[in-house]
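These notes concern the structure reproduced below.
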Amino acid sequence: QKEVEQDPGPLSVPEGAIVSLNCTYSNSAFQYFMWYRQYSRKGPELLMYTYSSGNKEDGRFTAQVDKSSKYISLFIRDSQPSDSATYLCATYTGRRALTFGSGTRLQVQP
Amino acid sequence: DAGVTQSPTHLIKTRGQHVTLRCSPISGHKSVSWYQQVLGQGPQFIFQYYEKEERGRGNFPDRFSARQFPNYSSELNVNALLLGDSALYLCASSSQLQGGRYNEQFFGPGTRLTVL
C-alpha cells in the first residue's frame with residue numbers, strides 16, 4: 001500500500017466552481033500534511049500546511065485533515081482559470097523527506 | 001530574494017552517459033534535498049544534505065550520488081544513465097535539517113533530463 005494515494009484526475013470544472021481535491025494516507029502516525037501546486041514544467045509551490053487534524057483557511061483555499069479516516073482534502077472556492085495546475089498532497093513521514101501523492105490535474109474552464 | 005535555482009534547465013543525454021545537476025539553495029538555507037519526478041507522478045525523495053553531510057537517502061540505486069559544498073550549493077550525479085532516469089529533477093532547500101518536526105521546503109524549477 002502506498003503511503004499517500006491521490007486520484008490523478010484530470011478534473012475539469014467551470015470557472016467559479018468549488019473544487020474538492022482529496023488524498024488518503026496509510027499511517028496514523030503522520031502529523032504534517034501539505035498541499036502543493038505545480039504549474040506545467042515548474043517546481044511545486046507550497047499552498048497550505050497543516051499539523052495534526054482540523055481545518056485551515058487561506059483566502060479561497062481550505063485544507064482539511066480527518067485523522068479518524070486518514071483523509072486529507074483541499075477545497076478551492078470561486079475557482080479561476082489561473083488555478084489550473086496539478087495539485088500534490090504530501091505528508092512528512094519523519095524520515096527526512098516528503099512523501100507525495102501522484103497529483104491531481106485540475107483544469108478550470110473560463 | 002532569489003529562490004532556489006537549478007541548472008541546467010533542460011538536458012538530453014544518451015544511455016550509459018553520466019550527468020551532473022546543480023542547485024543553489026535560498027540564501028541562509030543549509031539543507032538541500034533532491035527529488036525525482038517522473039511524468040504523471042509525484043516527486044520521489046532521493047537525498048537530503050545538511051551542513052555538507054548526507055542525512056537521508058531514498059530508495060535509489062548507487063548510480064545516484066550527491067554532495068553539498070561549503071556554500072551549501074549541491075550537485076546530483078547520475079552514472080550509467082538508463083531510459084527510466086528521464087524525469088524532472090527537483091531541488092528543495094530548507095533552513096533546518098528535516099527531523100522530528102517538519103521544516104518547510106522550497107522547491108526550485110527543476111532540471112528536465114531526457115535520456116535517449
Side-chain angles (χ1 to χ4, degrees), chain A residues 2-11 21-27 29-52 56 58 63 65 72 74 85-107, chain B residues 2-7 9-10 21 23-26 31-51 53-60 66 87-94 96-114:
Chain A
K2 288 186 178 179
E3 290 181 307
V4 180
E5 303 226 35
Q6 184 173 10
D7 184 348
L11 184 61
L21 303 166
N22 306 293
C23 290
T24 58
Y25 62 94
S26 62
N27 191 330
F30 295 163
Q31 297 273 42
Y32 298 90
F33 304 95
M34 301 85 183
W35 284 96
Y36 282 82
R37 178 175 62 195
Q38 186 174 27
Y39 291 112
S40 181
R41 301 190 176 273
K42 301 287 187 183
E45 58 173 326
L46 183 66
L47 273 178
M48 306 282 289
Y49 157 39
T50 54
Y51 172 72
S52 193
K56 188 173 183 179
D58 184 1
V65 178
I72 55 178
L74 178 71
T86 295
Y87 290 80
L88 297 154
C89 61
T91 184
Y92 177 58
T93 61
R95 294 194 299 269
R96 310 292 193 207
L98 292 171
T99 298
F100 287 86
S102 56
T104 299
R105 192 156 55 92
L106 171 67
Q107 185 72 35
Chain B
V4 178
T5 59
Q6 293 186 243
S7 63
T9 306
H10 297 91
L21 311 180
C23 170
S24 291
I26 291 170
S31 177
V32 168
S33 297
W34 287 95
Y35 291 80
Q36 180 197 64
Q37 186 176 23
V38 172
L39 193 64
Q41 298 294 319
Q44 275 201 287
F45 172 68
I46 311 175
F47 288 111
Q48 184 187 51
Y49 276 76
Y50 179 75
E51 289 283 16
E53 291 188 9
E54 181 184 307
R55 299 300 189 103
R57 174 185 283 252
N59 188 23
F60 279 80
L88 182 67
Y89 288 85
L90 295 162
C91 172
S93 79
S94 59
Q96 304 287 335
L97 174 66
Q98 302 300 333
R101 291 179 59 84
Y102 171 69
N103 294 284
E104 184 176 349
Q105 295 193 5
F106 297 84
F107 283 84
T111 293
R112 186 160 298 280
L113 172 65
T114 302

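Labels below follow one simple rule: chain letters A, B, ... track the order of the sequence lines, proteins then strands, and each chain is numbered from 1.
For F106(B), no part lies under 4.5 angstrom from a heavy atom of chain A. In this structure, no portion of Y39(A) lies under 4.5 Å from any heavy atom of chain B. Neither the backbone nor the side chain of R105(A) comes within contact range of chain B; no heavy atoms are under 4.5 Å apart. At a 4.5 Å heavy-atom cutoff, the contact between L98(A) and chain B is made by backbone and side-chain atoms alike. Proximity to chain B (any heavy atom under 4.5 Å) is shown, for P44(A), by both the backbone and the side chain. Contacts of Q38(A) with chain B are made by side-chain atoms alone, with heavy-atom separations under 4.5 Å and no backbone atom involved. Heavy atoms of Q44(B) lying under 4.5 Å from chain A are absent altogether.
Taking the six-membered ring wherever Trp is involved, the centroid distance between the rings of F60(B) and F47(B) does not fall below 6.0 Å. Aromatic ring centres of F45(B) and F100(A): separated by at least 6.0 Å. Aromatic ring centroids of F33(A) and Y25(A) lie under 6.0 Å apart.
Counting heavy-atom pairs closer than 4.5 Å to chain A, the top residue among G58(B), P109(B), P43(B) is P43(B).
Aromatic ring orientation, Y51(A) versus Y32(A): tilted (interplanar angle from 30° to 60°).
Between the side chains of S31(B) and Q48(B), at least one donor N or O lies within less than 3.5 Å of an accepting N or O.
Just one of L106(A), L47(A), N22(A), T104(A) meets the side chain to side chain contact (heavy atoms under 4.5 Å, CB included) condition when paired with L74(A); it is L47(A).
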